[in-house]
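To keep things clear, I will list the structure first and then write my remarks on it.
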Amino acid sequence: MTDTLTTSPPLVQFWDVYQRHYAAIGAEVLAEAADHAEFGPVVAAMPPDVSRQQDEYNERLVDDAIRRNHWAPYAAYLRAQGAEYARAGISLASWIDLVASFSEHLRPYLLDAYATAPSELLGSLTGMSRFTNFAIAGIAEGYRDAERELILREERERHRADQAVAQSLERLRSMQLAAEALLDVSRHIEASTDLPTLYGRLSATIADLVQAGCVLFARVQEDGTLAAEPDAYGVSADVVTKLRDVPCDAGGQDLAGRIAHHDLVFRGPLGREDLFAPYDGSLEAFGASTVIAVAWRSGDRRLGILSAYGSRRPNGFTDDDAWVLRVAGLAAGLVWQHKQAEERERAAWRQEQQRVVQLQAVNAELEAFSYTVSHDLRAPLRAIDGFSRILLTEHAGALDDGGRSCLDRVRGGAQQMGRLIDDLLTFSRLGRQALNRRPILPSEIARRALDDLVSEQEGRRVKVDIADLPPCEADPALLELVFVNLLSNALKFTRRRPETLIQVEWYEHPDDPAVTVYAVRDNGVGFDMQYADRLFGVFQRLHRAEDYEGTGVGLAIVQRIVTRHGGRVWAEAAPGQGATVYFTLTGGQARD
Amino acid sequence: VTDQSVDILLVEDNPDDLQLTLHSFRQANFANTVHVARDGEEALEYLFCTGRHSTRNIGDRPKVVLLDLKLPLVDGLEVLRRMKGDPRTAQLPVVVLTSSREERDLVESYQLGVNSYIVKPVDFEQFATAVSTLGMYWLLLNQQPAAVAVGSPTPAGANPAAG
């Protein structure tokens, strides 16, 4: 048979690790060969430098094959080697043993190299299996060449050799399949979100690979003891629930601790050790008498123990099964890692949902409240104002000047309260309503706001200068409210000036080119900067009501709108020297 | 309760607002007859000639209905929905006269087919002006089709039990 190979990342991965540990692995394999009944004399007879040269030549060929996809020279070399060994009287079975031992010596190094990246580990294992298959097939080809020459070979011996080839190839192929199956499961882990099913799937895959009746994960709990995970294969639920509070000493004082915390691979009969005592009765029922248990880990994190029971193989679990289980423990670590991430995400989502629900409740309450305010609070005010007015106009004779003045104040109070309610409602609505953001021209909006304030300019000398303001992104209705409030303040506090000067200007932000600073400047009464921080609070007023009317909500409204747009607002002033209110908005790129 | 022909159906629960409205009508010299319903249920009984108003002739339609929104028993929006949903009353002009300036009340009223929506001002002079203006408009200026055949939900004779 001729296996063909094409260079692929799994092949390169295993080869990288081999080359890194070439000296150590080479020495291990050589030591084994020296002890071998058939290889021993050959190794002993070979001068060290010849052996080294041959090794280097071999490595160069493999390197060329794996890294540059030149497989033909290596295949030819293997075939020649096979024929040569056949002529030297070494059986093919021994040769296959040597190749198998090479992969066994290499495996622990792969495990170390890719312990924190299980899918790469599985990839490299697949690569190694493919490579050894290729090597054995090439050697076998050489043996067949030699056999054709040495027809003397007895029929029986050839039959024996063929059987050995078949067995070894079978073994290697099953390892390859195991690695590929685990690789497949771990790929699903990365793609899928349904993790409980994946645990079940992983258990089932492992059971199939190691030919076990059941597979079980036991996880280290917060108190250090072990408890079985519910996603087991082939184990009844009541056995799973029974397995908890199993001691597992991190220092390695008990068997569980040595497996979970010190990577002991346990393979043996069931029931001899305390750790497996809870299973005794339950597992005997389906003939489970043997067990393999390995560490279940995610990188350096010790998660617990992965165990398989009841081998279906005629001679019980093999070394290969133990090894496959070890790799599976790492793949399971990957599952766990994903499950954790998933759970964290879900918890965060739940928390977020809870907050949203709470916020919605608060909003609904606020809405109900402001509706009540809007409707019910105004009605009594209307009654106060209306009946005072009727009293003044239709029952004037019953009142003297003092009485009429009192009623005027009653009406003034009611009307002021009406304005307060309206402003407060506007203010509270601003926090709730959605922003309708889009590119706008602030100059146009400022001009529109000024037009709304025409009554406040009547009979006065007013000069308003609106600069060509850079565009920005904002809710046009809300930005108009900002300008209405700022311009009406400016008009109000300049009322006693012989000529009112108002400038709407802009500046570049010193640190951020995307931000524009807009300003409304007046030549009014100004204010003392030591009260500047109170300016933007609700109901905060810096002037007497009889001098400058107002509700004290206007600048609070301005601040809320600007803040909701992600901007900042502040003021500069001095008593008698006018005031300037600044605010920032972003989205100046809209100019293009 | 006299069920004589009326010009205005005023649906208002607040006694102060009721008196101020009537006062404004008097001040504006409207001699028109006003029928007052103090809650939504009574308004519906009046409009559909049931309950307390079962003897009234549904053909005698007021020229305008002034409707408050926040009402006991049946609220104003529900009264509006029932009126605009029934062919016998759908054509009656309805003016919502309310303290609510909530956007959703406005939107819903217009969706239901209100003819006009007026927010009651706190200032009485503005209030009186609003009431007299709307009275002037709906009672004197606005033209309505002559009473259509809306006497009964089923044509006369169609119901054998009635014969």
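Proteins get letters first, then strands, A, B, ... in listed order; numbering begins at 1 in each.
Looking at every heavy atom in both residues, R382(A) comes nearest to L20(B) through O-CD1, 3.6 Å. Residue V122(B) comes nearest to L381(A) through the heavy atom pair CG1-CB, 3.8 Å, listed as atom of the first residue, atom of the second, then distance.
Between the CZ atom of F124(B) and the OG1 atom of T393(A) there is a distance of 7.5 Å, given to the nearest 0.5 Å. In this structure, the separation between CD on Q415(A) and CD on E125(B) is 7.5 Å, given to the nearest 0.5 Å. Taking CD of E394(A) as the start and NE2 of H23(B) as the end, the distance is 3.0 Å to the nearest 0.5 Å. Separating the CD atom in Q27(B) from the CD1 atom in I390(A) is a distance of 7.0 Å, to the nearest 0.5 Å.
Within 6.0 Å of atom CZ in R448(A), more than 12 heavy atoms from other residues, nucleotides or ligands are found, so the atom counts as buried in its surroundings. More than 12 heavy atoms of other shown residues, nucleotides or ligands fall within 6.0 angstrom of atom CD in Q353(A). Remark: Q19(B) CD is loosely packed, at most 12 non-hydrogen atoms of other residues, nucleotides or ligands lying under 6.0 Å away.
Contact of P121(B) with chain A is made through the backbone alone, with heavy-atom distances under 4.5 Å. With a threshold of 4.5 angstrom between heavy atoms, R411(A) approaches chain B through side-chain atoms but not through N, CA, C or O. Heavy-atom distances place both the backbone and the side chain of D123(B) under 4.5 Å from chain A.
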